[in-house]
Amino acid sequence: MQVAAPKRYDGRIIIHFDYDCFYAAVFEREDPKLKSLPFAVQQKQIIVTCNYEARRRGLYKLQLVREARKKCPDVIIVLGEDLTRFRNASKDNYNFLRGYTWSNKVERLGFDEVFMDVTDIIDYNAALLNYNNLASSFFHLDRNDPTVGFSFDASHVFGHIFPVAFQASEVAAVPTDEPAWNDDRDLLLRLRLGSHLAQHLRHQLDEQKGYTSTVGISTNKIISKLVGNVNKPTGQTTLVPPYNPQCGKSESNVTKFLDNHDIGKIPGIGFKTAQTIRNHVLGRPAAFSAGLVYGPTEENVKVRDVRKFNGMGPQLLGRLLAGPGVPKDLGEKVWGLINGVDDAEVAKAKEVPQQISIEDSYLRLDEIEHITKELKMLSTSLIKRLRLDLTSALDPDDVEITSEEEDGAQVQVDSATTPRRWIAHPKVLRLSTRPRPPLKPDGTRSRTFKRISRSTNMPFFVFSFAHSVDLLANRLVEETLVPLFRKLHPEKSDWNLSLVNLCATNMSLTASDSKDGAGRDISRMFRRQDDVLREWKVEDVDIAPSDDSNDQRTPDDGDDRIEDEISHQDPLEHLPLGSQDLRTFTQESLRGKDEWDSDEEMQDAGEACSICGAAMPPYAMLAHERFHDLSD
DNA sequence: GAGGTATAG
DNA sequence: TTTTCTATACCTC
């Protein structure tokens, strides 16, 4: 009994980018000589990626360094364990691509992949085409300036297409006199536009940023991503219509494409889901390739086998995959995926990540001194990351300049010299550990990777620019993390940890600064309203009780309301290098004695809240700070 | 809030 | 799945 395929919606055009051997490319950009040499990036004992010259000589991803050297003795290997440069380059490329979107639907997946929903740009251009002369078309990149764009030939798809056999007949299959209401013709036309836009973006990315990329063009995330793989590297592939079966005549190209993929290769179908499905289709437990490094020992279950399996459909899949913790609609979702249907939106660019976490693993971690030391290290990294990722230049215009800088290093230099302010604060700090399970009677250790955690309000002194990261980290460990650790591990000293994780989460936007260009105007409007409300809110706060003995305060959306009053703030401490003594304002003025009073560095007239950057006379700070406190 | 499951790079 | 380091979404109590 056959279940009907889910209904397709192919109204979008989505481009998936994958930068070619990204880690290697980052280094090659710093030192172009590497490009012509066999070159690889190492993490731990493995080659995480290598350039194509190295691949030509037999090297490959995830190869052991020893093997690589044996195979290719003159390979140049650099250590790539510090992710900072990759993160910066990734952000820079992302912002670059984002600059082309109208909808701001640009989603980063890891460091080296980006989805763009360019539907609006495509539809706009489709409407302006001259169907009598598609070959001499102009692609508009700016709705407000008709001169911005490029010439292109809209009578052909640019680059590769799938299926390949379709190539020769592509033009013939869509004669220009065919009626415009033909769905496939319309889709093909929009995909063509997408392919030319993709080519333009790839070219710009290469020319201006120095990164080549491989892209896929289609109508949803999953097939755009998968179809890009067809021509690697530095290629682009468009999945051409028909996307629906032609009334008994031809098969859907989507199905033709997906059917030959291993079930586990479909994005969204991970190991667990794939194994469960394999088990059912094979009628027995499916073997799995433990190593993954060697051999194609996978069970051979293709999408086609699953799709055509007797009774297969959303209900069966739902029953198969049900279990604690699994999304309720997983059956529906997977059924969609194997039919190439994926309604997932390309997420709008987010101003700020949802969480920032740092972790490290240990062979042995069982002494409190050692723990404290590691907490200190992790705290230092975390605070640096918070400053890097959650602050922006104070002047909104600087934000634009900064984001268009050439590379990550440049951005960091700017960070050190440009006044900065927080654009969001994590409200919660979470400490997680992974205790090593005790030995079982038989001497073996049960394999458990479970984590336990405790969380608390993020103390807001970590947002001060006045003190070195080191100092802040010390204080965070002593005042917050050690108590949290004791809560997590009440036992005296019996623990033995294999992992420690620090996570800053529950981000609270500071408003107004969304790097999201579309959001800025909106937030300005809100701010005007907030101005009207501000007096009320501050008075509310002013008469509320407060607890000055409690250090663990939480910054909150309250920040939003004092946005306009920013005057100036001091430069961000140079993050990668640690501390500098920079003068700024902190909350000391309201809190009386604490260990920082000796610092003597924030006594200037006119205070600025260290949380939101708002400047105000000292007498207003008390109420203001309580405001942060209370709005939790 | 705390913990779990699953996924991806 | 296990070696790791992040990040995300969704589920449950």
Side-chain angles (χ1 to χ4, degrees), chain A residues 16-19 21-23 42-46 48-49 61-62 64 80-84 86-87 90 107-115 221-222 225-226 264-278 285-294 297-299 321-330 333-334 337 344-345 347 350 352-363 378 381-382 385 389 426-437 445-457 484 487-488 498-507 554 632:
Chain A
H16 174 261
F17 286 81
D18 190 333
Y19 312 135
C21 31
F22 181 59
Y23 283 12
Q42 171 184 9
Q43 278 175 356
K44 308 280 171 170
Q45 288 310 305
I46 55 171
V48 286
T49 195
K61 279 188 190 176
L62 305 185
L64 287 170
E81 287 170 8
D82 178 357
L83 304 183
T84 310
F86 308 133
R87 186 153 42 222
S90 174
E107 185 179 346
R108 204 158 57 120
L109 187 56
F111 284 169
D112 71 335
E113 293 179 37
V114 172
F115 290 101
K221 288 170 72 173
I222 171 194
K225 177 175 162 112
L226 285 174
K265 287 284 168 26
I266 305 303
I269 300 181
F271 179 82
K272 296 271 191 186
T273 305
Q275 279 303 82
T276 306
I277 293 174
R278 287 187 191 113
F288 53 83
S289 57
L292 202 64
V293 180
Y294 299 119
T297 55
E298 281 287 316
E299 294 276 4
L321 303 172
V326 310
K328 195 209 163 302
D329 59 347
L330 189 61
K333 196 190 131 194
V334 169
L337 292 180
E345 289 278 330
K350 286 210 191 79
V352 139
Q354 302 231 122
Q355 62 179 54
I356 295 175
S357 75
I358 308 278
E359 71 186 36
D360 209 342
S361 54
Y362 308 89
L363 292 172
L378 293 169
S381 305
L382 184 68
R385 281 288 307 282
D389 294 350
K427 290 191 285 191
V428 171
L429 175 67
R430 182 168 62 229
L431 171 68
S432 312
T433 63
R434 188 176 65 193
R436 208 179 292 285
R445 214 186 276 282
S446 56
R447 286 305 220 181
T448 175
F449 292 87
K450 293 193 188 317
R451 296 173 179 210
I452 54 176
S453 70
R454 289 295 180 275
S455 53
T456 186
N457 287 346
L484 209 51
K487 213 164 125 195
L488 189 56
S498 62
L499 177 144
V500 179
N501 172 293
L502 278 191
C503 179
T505 185
N506 279 33
M507 296 298 176
T554 303
D632 201 351

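Keep in mind it's a predicted model, so treat the numbers as computed, not measured. Proteins come first, then strands; the chains are lettered A, B, ... in the order of their sequence lines, and each starts at number 1.
Here A/Lys44 reaches the OP1 or OP2 of C/dC5: one of its side-chain N or O atoms lies under 4.0 Å away. Close to B/dA6, at under 4.0 Å from its OP1 or OP2, lies no side-chain N or O of A/Thr273. Taking side-chain N and O atoms only, A/Lys350 has no distance below 4.0 Å to OP1 or OP2 of C/dT8. Side-chain N/O atoms of A/Gln45 include none lying less than 4.0 angstrom from OP1 or OP2 on C/dT3. In this model, the phosphate group of B/dG3 is approached by a side-chain N or O of A/Arg454 to a distance below 4.0 Å at OP1 or OP2. Residue A/Ser453 places at least one side-chain N or O closer than 4.0 Å to OP1 or OP2 of B/dG3. Note on A/Arg385: a side-chain N or O is less than 4.0 Å away from OP1 or OP2 of C/dA7.
The nearest whole Å value for the distance from the CE atom in A/Met507 to the P atom in C/dT8 is 8 Å. Here the P atom of nucleotide C/dA9 and the NZ atom of A/Lys333 are 12 Å apart, to the nearest Å. Per the geometry, CG belonging to A/Asp360 stands 17 Å off P belonging to C/dT3, to the nearest Å. Rounded to an integer number of Å, the gap from A/Glu359 CD to C/dT3 P is 16 Å. As a whole-Å value, the separation of A/Phe271 CZ from C/dT2 C1' is 11 Å. Atom CD in A/Glu107 sits roughly 13 Å away from atom C1' in B/dT7 (whole-Å rounding).
Of the candidate nucleotides B/dG9, B/dT7, C/dC5, B/dG9 has the atom lying nearest to any side-chain atom of A/Leu109. When the nucleotides C/dC5, C/dA7, C/dA9 are ranked by their closest atom to the side chain of A/Ser357, C/dA7 comes out on top. Checking B/dA6, C/dC5, B/dA2 against the side-chain heavy atoms of A/Ser361 singles out C/dC5 as nearest.
Remark on DNA chain C: of its neighbouring residues A/Pro324 and A/Val352, the 5'-side contact belongs to A/Val352, judged by nearest-heavy-atom nucleotide.
Within the 3.5 Å criterion, the main-chain N or O of A/Ile269 finds no donor-acceptor partner in the side chain of A/Thr273. Under the 3.5 Å distance criterion, the side-chain polar atoms of A/Gln275 are matched with a main-chain donor or acceptor of A/Ala286.
Atom name C1', nucleotides B/dT5 and C/dT1: the rounded distance is 15 Å, in whole Å.
Nucleic acid contact for A/Leu378: none, since no nucleic acid atom lies under 4.0 Å from a heavy atom of the residue. Within 4.0 Å (heavy atoms only), A/Leu83 reaches no atom of the nucleic acid at all. Nucleic acid contact for A/Gly270: sugar-phosphate only, since backbone atoms but no base atoms lie under 4.0 Å from a heavy atom of the residue. Residue contacts shown for A/Gln43 are absent, as no nucleic acid heavy atom lies under 4.0 Å away. Within 4.0 Å of A/Asn501, counting heavy atoms only, lies no atom of the nucleic acid at all. The residue A/Ile452 sits close only to the backbone: its heavy atoms come under 4.0 Å of sugar-phosphate atoms, none of a base. Note on A/Leu499: nothing from the nucleic acid sits closer than 4.0 angstrom, heavy atoms only. A/Gly323 comes within 4.0 angstrom of no nucleic acid atom, judged by non-hydrogen atoms across all strands.
For A/Glu81, the CD atom is densely surrounded, since the number of other residues' heavy atoms within 6.0 Å is greater than 12.
In this structure, A/Asp389 pairs ionically with A/Arg385, as a charged nitrogen and a carboxylate oxygen lie closer than 4.0 Å.
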Exercise for the section: Take A/Phe111 and A/Phe86, measure what ring-ring contact (aromatic ring centres under 6.0 Å, His included) needs, and give me the verdict at the end. Expected result: CA-CA 7 Å; A/Phe111 284 169; A/Phe86 308 133; 7.2 Å; no
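Qualifying side chain to side chain contact (heavy atoms under 4.5 Å, CB included) partners for A/Ala344, counting only residues two or more places apart in sequence or in other chains: A/Lys221, A/Asp342.
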